[in-house]
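Right, one structure below, let's go through it.
For ligands, and for the atoms within them, numbers begin at 1 and follow the listed sequence.
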Amino acid sequence: MAIKQDILKVLEENRGEYFSGEELASKLSVTRQAIWKGIKALEEEGHHIKATTNKGYYLEQTSDLLTSVGILQGLVSCNKNFEVIVEKTVESTNLMAKKLVGEGKKGNFIIVANEQTAGLGRQGKSFHSPKNGIYMSIVLDMQEKITDAQLITSKTAVAVVEAIESLEGLNPQIKWVNDILLTGKKICGILTEGIFDFEEGKLKKVIIGIGLNVNQDIKNYPKDLQNKAGGFKLNENRNQLVSKIALNVVNNLMEDDEKVMARYKKYSMILGKNIIFEPESQNLKGVVIDINDLGHLIVKLENGELMNISSGFVDIEGLYK
Ligand code: BTN
């Protein structure tokens, strides 16, 4: 690891706490000159480092660059090992993940980007991904089966809600199947993709893509998204939220399905709502009466019949008005 990464690691682990040049030099077994150079390089990258004569340096709470050092620090208690790759700009973190796996990349890894130029949404849609948001793909090895594949997206939605609740004190809700809303506006979308091993006939890797509208001015979003998209300003830095989400995802995937799905139901805003949906191009209306442990909606149609919906888009009456 380059010296500047070592310095960043020490400062990240002790945010808001001074370290003198001398202490850093002795801790990292390098010269004070090397520490000074490393600090300058970190500042040039955009880290907010406070330097005070006779006290030393600290990483300010406002310093909000995405870094692998910062993210890994929040993953020390995770029971899976991850490599963390941070990018300033990518087309799509899911696309990059698929490319790396295709090139033979092994193990679990996370790609996080500050910006995407061609973010992917569900069903071929795009996902608007301007600078300074959180766009991440968690890539998990599925050689050893850790959960029922059809529950991965729902368990991820619960993980995101719980990360935002615990770090930010907000109460987001889930709009079936995988949108996260805050005060009725979409703040997060999830796109889960699988890489199948045809020779072995099983799922090899899963790529869980999560896009969060943080620290954005929604007024700058494209017109067609403005009545639908929401966002929030982070109290914590982005690294902490990325780690917490990844930690929660791993824990939820390994937890009992019924337990996580009970929480999915608790966070869902769709129960009891009138919906319109289009299975096989029919236009149907009904009221959602339940969500089962597979994450399917149980809908009572206008003619009284019950229908089980496992996928697709639904419009909720009164939402995004
Ligand atoms: C949706 O709401 O339709 C799903 C959006 C998923 C967006 C995330 S951002 C990180 C990852 N990379 C992508 O290209 N898409 C997902």
Give the residue and atom name of whichever protein heavy atom lies nearest to atom 8 (C) of ligand 1, and the separation in Å to one decimal.
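It is Gly211 N, 3.6 Å.
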Nearest to atom 5 (C) of ligand 1, what protein heavy atom do you find, and at what distance?
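Protein heavy atom at minimum distance: Phe127 CD1, 3.4 Å.
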Between [Y] and [X], is there a side-chain heavy-atom distance shorter than 4.5 Å?
X: Glu103; Y: Lys98; result: no
X: Gln116; Y: Glu91; result: no
X: Leu191; Y: Phe127; result: no
X: Glu278; Y: Asp315; result: no
X: Glu165; Y: Leu170; result: no

N/O separation below 3.5 Å, [X] to ligand 1:
X: Ala118; result: no
X: Lys186; result: yes
X: Gln116; result: yes

Is the backbone of Ile190 close enough, under 3.5 Å, to the side chain of Asn178 for a donor and an acceptor to pair up by distance?
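Confirmed, Asn178 side chain pairs with Ile190 backbone.
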I need the atoms of ligand 1 closer than 4.0 Å to a non-hydrogen atom of [X], numbered in the order shown.
X: Leu120; result: 5 (C), 6 (C), 7 (C), 13 (C), 14 (O), 15 (N), 16 (C)
X: Ser92; result: 12 (N), 13 (C), 14 (O)
X: Thr93; result: 10 (C), 11 (C), 12 (N)
X: Gly121; result: 1 (C), 3 (O), 4 (C), 5 (C)
X: Leu191; result: 6 (C)
X: Arg122; result: 1 (C), 3 (O), 4 (C)
X: Gly119; result: 14 (O)

Mind checking whether Ile190 contacts ligand 1 via backbone (N, CA, C, O), side chain (CB onward), both or neither, at a 4.0 Å heavy-atom cut-off?
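Near ligand 1, Ile190 shows its backbone, while the atoms from C-beta on stay back.
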Region of Asn178 engaging ligand 1 - heavy atom pairs below 4.0 Å
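The answer is neither; Asn178 stays 4.0 Å or more away.
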If you group Ile, Leu, Val, Met, Phe, Trp and Tyr whenever their side-chain heavy atoms sit less than 4.5 Å apart, what else falls in with Ile207?
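Once heavy-atom contacts under 4.5 Å are chained together, Ile207 belongs with Ile85, Val90, Met96, Leu100, Val101, Phe109, Ile111, Val139, Ile195.
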If you look only at distance, which donor and acceptor atoms sit under 3.5 Å apart when one is on a side chain in residues 73-83 and the other is two or more places apart or in another chain?
residue, atom, partner, partner atom, Å
Gln73, OE1, Glu13, N, 3.4
Glu83, OE1, Lys105, NZ, 2.6
Glu83, OE2, Lys105, NZ, 3.4

Under the criterion side-chain contact (heavy atoms from CB on, under 4.5 Å), which of Val86, Asn237, Asn239 is the partner of Thr67?
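Exactly one option meets the side-chain contact (heavy atoms from CB on, under 4.5 Å) with Thr67, and it is Asn239.
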